[in-house]
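Contents: one structure, followed by commentary.
Whatever order the structure lists them in is the order used to number ligands and atoms, beginning at 1. Please read these numbers as outputs of a predicted model, since none were measured by experiment.
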Amino acid sequence: MTVITRFAPSPTGMLHIGGARTALFNYLLAKRHGGTFLLRIEDTDKKRSTDEATQAILDGMAWLGLDADAPPTYQSRNADRHAECALRMVEVGHAFRCYATPEELQARRDEGEAKRAAAKADGLSEAEQQSLRAEADALLAPYRSPWRDGGDPPAPDTPYTVRLRAPDQESMTVSDQVQGEVTLNTTEIDDLILLRADGTPTYMLAVVVDDHDMGVTHVVRGDDHFRNTFRQLPIYWAMGWDVPEFAHVPMIHGSDGAKLSKRHGALSTLAYRDMGYLPEAMNSYLMRLGWSHGDQEIFSMDEAAKVFDLADINKAPGRLDLDKLGDVNAYFIRTIDESRLLHLVLAEVANLTDASDSLSERLQQALPTLKERGQTLPQLAESCRFLWDSNADNLNKKARKALREEGIKRVSELREALDLSDSWTIEALQNVLESYCAAHTLSMGQVGPPLRAALTGGLPAPDLAPVMYWLGREEVLARLDKHLPA
Ligand code: GLU
């Protein structure tokens with residue numbers, strides 16, 4: 001059997017990270033089995049679906065590299081097929097035309113609420129209360145239509161909905177790859193509307209027909225859809241279709257255990273890109289948020305695709321932990337191809353200063369060392385600031401102190417020694433510093449601070465020899481000159 005999975009977002013908003021994780025699990029499951037990963041845009045809610053949201057979903061998935069194996073399917077384009085299936089179910093007796101009007105149904109609910117309230121009134125006997133409660137329960141129970149076994153319309157042209165006849169058996173069991181076996185009494189299921197009075201298909205029908213037509217073998221989705229499965233299964237049965245495997249994945253919660261909201265970072269997937277996270281870090285972090293394989297913390301997509309298994313999805317909700325995401329991102333910043341990292345950091349640096357060839361050259365040389373210094377791309381760019389900014393006009397207290405008389409004298413002497421150095425390599429520069437210390441019987445602790453203050457004005461920077469090497473002779477001398485008397 002070829003495994004076919006799908007991600008089926010409704011384009012009513014951004015692709016949030018919970019959705020991205022669902023897409024990722026479907027993607028990995030398909031890859032694990034050499035199968036097919038499909039994308040279906042569930043755009044049947046015309047009022048709430050937007051082209052911008054569809055685009056945001058496509059962009060988010062493209063950024064994460066979750067490429068579908070076929071162009072996306074748009075659910076709204078299949079409406080005729082959905083209606084055709086509903087009518088087929090009527091023909092074979094699993095569905096029926098229901099002539100109840102929305103007003104009648106509302107009146108029934110109102111009456112149920114009224115009886116429930118009446119049962120609480122003072123002065124009623126226990127028996128009276130019980131009987132009112134029973135009447136209320138019957139009226140508020142999932143709707144079973146009086147037309148479920150057929151029957152003529154009240155008038156020849158009465159509008160109707162098409163409903164699925166809910167199963168009569170006592171209980172129904174869904175065997176879910178994550179939730180296990182869950183049984184529900186079928187009295188909890190109503191006679192589901194398949195086609196509205198205007199002939200349009202409902203979401204519940206559309207999902208099942210599309211999953212069948214796309215050959216989906218595994219439905220992996222958020223557990224907010226778990227109960228829907230009990231309403232969708234009877235559609236498969238009525239159509240005589242194979243039922244796919246289901247896996248309902250627990251939601252992502254915030255660090256405090258509450259349902260994820262904006263406050264916790266329930267942002268769009270692309271907002272994480274804009275905050276300077278790498279797609280491989282997002283994928284690695286998201287897959288571990290709800291799935292595990294041994295105690296391995298970090299996965300490349302290829303590694304995960306070799307071992308991904310629905311059986312390893314946790315039953316408990318994952319908690320979003322931005323510190324951990326930062327650690328994972330730092331790991332990928334350290335390990336991705338350096339030319340790609342340079343490209344990404346240059347884009348960040350362009351937000352802070354004017355780019356130039358010499359700056360890009362400095363960054364290229366410095367990044368292998370500096371890439372250890374940030375959890376996100378903007379942090380990393382900021383930690384490279386000393387490469388273009390001498391901070392001379394903004395010295396911090398420590399730098400000012402280091403550049404008092406004695407310090408200036410050392411900077412001046414060092415400038416001379418540096419200027420005389422034939423070679424400008426890290427090793428040669430280290431030698432200049434050490435020879436200067438030796439010649440003046442000074443320690444590096446006495447020489448380093450004024451030189452560092454003059455070069456970077458107190459901005460964080462690594463060892464002085466590499467810093468001077470990256471900056472280049474001309475820039476180093478110019479920075480020192482700024483602090484020396486003319
Ligand atoms: N369109 C639904 C959603 O965005 C998903 C339906 C499904 O996966 O079956 O929540």
Side-chain angles (χ1 to χ4, degrees), residues 3-30 36-61 64 66 68 70 72-79 81-82 85 164 174-179 182 192 194 200-236 239 241-252 259-261 266 268-269 286 290 310 313 317:
V3 167
I4 301 182
T5 64
R6 53 49 163 198
F7 176 48
S10 305
T12 52
M14 62 197 180
L15 173 64
H16 56 80
I17 52 168
R21 190 189 57 169
T22 300
L24 175 62
F25 283 174
N26 277 288
Y27 175 90
L28 289 174
L29 183 64
T36 303
F37 168 61
L38 300 174
L39 171 63
R40 181 172 72 235
I41 303 291
E42 301 212 312
D43 56 347
T44 43
D45 183 343
K46 284 284 162 216
K47 280 197 204 92
R48 294 174 59 227
S49 301
T50 66
D51 291 345
E52 293 76 50
T54 300
Q55 196 52 49
I57 290 166
L58 296 174
D59 291 348
M61 291 178 69
L64 291 174
L66 302 177
T73 303
Y74 290 83
Q75 188 158 66
S76 62
R77 296 181 194 163
N78 302 337
R81 164 77 178 146
H82 303 148
C85 291
L164 185 72
V174 170
S175 184
D176 189 273
Q177 303 272 335
V178 179
Q179 312 287 330
V182 181
L192 177 74
L194 300 173
T200 56
T202 57
Y203 162 73
M204 220 54 89
L205 171 65
V207 170
V208 174
V209 173
D210 287 350
D211 279 342
H212 169 77
D213 287 358
M214 290 161 73
V216 171
T217 58
H218 292 72
V219 172
V220 181
R221 59 188 174 193
D223 68 2
D224 49 338
H225 286 283
F226 184 57
R227 277 187 78 87
N228 286 345
T229 313
F230 289 95
R231 309 179 83 203
Q232 292 168 0
L233 267 182
I235 303 180
Y236 285 97
M239 292 300 292
W241 288 340
D242 287 343
V243 175
E245 298 284 350
F246 289 101
H248 287 89
V249 182
M251 301 278 99
I252 299 176
K259 207 167 168 276
L260 200 57
S261 69
S268 80
T269 306
L286 284 177
L310 292 176
I313 292 180

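The backbone N or O of H248 sits less than 3.5 Å from a side-chain atom of Q179, completing a donor-acceptor pair. With hydrogens and angles ignored, the 3.5 Å screen pairs no side-chain donor or acceptor of D211 with any backbone N or O of V216. The closest donor-acceptor contact from the side chain of T5 to the backbone of F37 lies at 3.5 Å or more, if one exists at all.
In terms of protein heavy-atom proximity, atom 6 (C) of ligand 1 is closest to Y203 OH, 2.8 Å. For atom 5 (C) of ligand 1, the closest non-hydrogen atom of the protein is A8 O, 3.2 Å. Among protein heavy atoms, atom 10 (O) of ligand 1 sits closest to H225 NE2, 2.8 Å. Nearest protein neighbour of atom 8 (O) of ligand 1, counting heavy atoms only, is R6 NH1, 2.6 Å.
Between F25 and the choices V249, L286, L310, the side-chain contact (heavy atoms from CB on, under 4.5 Å) rule is met once, by V249.
Residue-ligand proximity, S10 to ligand 1, at heavy-atom distances under 4.0 Å covers atoms 1 (N), 2 (C), 3 (C), 4 (O). Numbered from 1 in the order shown, with element, the atoms of ligand 1 that lie under 4.0 Å from a heavy atom of E42 read 1 (N), 2 (C), 5 (C), 6 (C).
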Legend entry - Test side chain to side chain donor-acceptor pair (under 3.5 Å) applied to N78 and D210, step by step: CA-CA 8 Å; N78 302 337; D210 287 350; 3.1 Å; yes
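To the nearest 0.5 angstrom, M61 atom CE is 6.0 Å from F7 atom CZ. The line from OH of Y74 to CG of D43 is 8.0 Å long, rounded to the nearest 0.5 Å.
Comparing R40, Q232, R221 by heavy-atom distance to atom 9 (O) of ligand 1, the nearest is R221.
Assignment of F7 to the shell around ligand 1 is not supported, since no heavy atom sits closer than 4.0 Å.
At under 3.5 Å, not a single nitrogen or oxygen of V207, backbone or side chain, sits near a nitrogen or oxygen of ligand 1.
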